[in-house]
Amino acid sequence: MTVPWAAGMTVLTALGAILLAVAGVAHAARPREHRAVLRVHGLLPPGWPAPATAGAEIVVGVAVLAFLLADPAGATLPVAAQTAVYCVFAGYTAVLRTRRPGVPCGCFGVGKVSWAVVARAVVLAAGSAGYAAARAVVPDRWSCVAAAVVLAMAGHLVHAWRGTT
């Protein structure tokens, strides 16, 4: 069975949007922890408004999902914004991994920043960029969103399972 590139990019784009929205909600729900992690990272200015990062994650993630479900052809701008967010995350986490390898990640229960976190951001940026560039429209977008939800839940379950073993 082959998966068309458009469907693959749509799944990656939806997965990236779901992860952004969920991360934003988690950061907004625990603002002190989020602010503390950003402070430990030491890459942002001391007065950086941590709630702004959580808000941006929520807005971009929800906008991408809304467009994917309602008007996939019109999703180019929100998906481009998501691509930019994941490019920034990839760069940010790569700098953390090389300059401060022991710092906490602050993302989905992951302990330290790892190359897997950097790779995830790169893959999601590439998928979103591909969708935006090709204006990928998959006729059965609900199955793509369902696949992204399953992938997101599976990723979360793997981290939860590792914590209990």
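Just so you know, residue 1 is the first one in the sequence shown, and it goes up from there.
Residues P104 and V113 share a closest heavy-atom pair of O-CG2, 4.0 Å. In terms of heavy atoms, V37 sits closest to C105 at CG1-O, 3.9 Å. Across every non-hydrogen atom of A14 and L65, the tightest pair is O-CD2, 4.1 Å.
Of the possible donor and acceptor atoms, none in the side chain of H41 sits under 3.5 Å from a partner among the backbone N and O of Y92. Proximity of a side-chain donor or acceptor of Q82 to a complementary backbone N or O of T13 within less than 3.5 Å is detected. Using modelled atom types, one side-chain atom of H27 and one backbone atom of A23 make a donor-acceptor pair closer than 3.5 Å. A donor-acceptor pair under 3.5 Å is absent between the side-chain atoms of S128 and the main chain of T83, judged by distance alone. Within the 3.5 Å criterion, the main-chain N or O of A94 finds no donor-acceptor partner in the side chain of R99.
If you chain together hydrophobic residues whose side chains sit under 4.5 Å apart, W115 and L96 never meet in one group. Grouping the Ile, Leu, Val, Met, Phe, Trp and Tyr side chains by contacts below 4.5 angstrom, directly or via other members, places L77 apart from Y131. Both V40 and L44 are part of a single hydrophobic cluster, where members link through side-chain heavy atoms under 4.5 Å apart. By the rule that hydrophobic residues join a cluster once side-chain heavy atoms approach within less than 4.5 Å of another member, V118 and F89 end up as members of separate clusters.
Screening V62, V59, V64 against P78 for a side chain to side chain contact (heavy atoms under 4.5 Å, CB included) leaves a single residue, V64. For the pairing with R120, the side chain to side chain contact (heavy atoms under 4.5 Å, CB included) check across T93, L19, L15 returns one residue only, L19. Tested against Y86, the residues V123, L12, L20 include a single side chain to side chain contact (heavy atoms under 4.5 Å, CB included) partner, L20.
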Legend entry - Test log, rule side chain to side chain contact (heavy atoms under 4.5 Å, CB included), inputs W48 and T53: CA-CA 9 Å; W48 183 264; T53 60; 3.1 Å; yes
Inset, instruction - Could you walk me through whether T76 and F67 pass the side chain to side chain contact (heavy atoms under 4.5 Å, CB included) test, one step at a time? - result: CA-CA 9 Å; T76 304; F67 271 94; over 6 Å; no
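A heavy-atom distance below 4.5 Å is not found between the side chains of H34 and P51.
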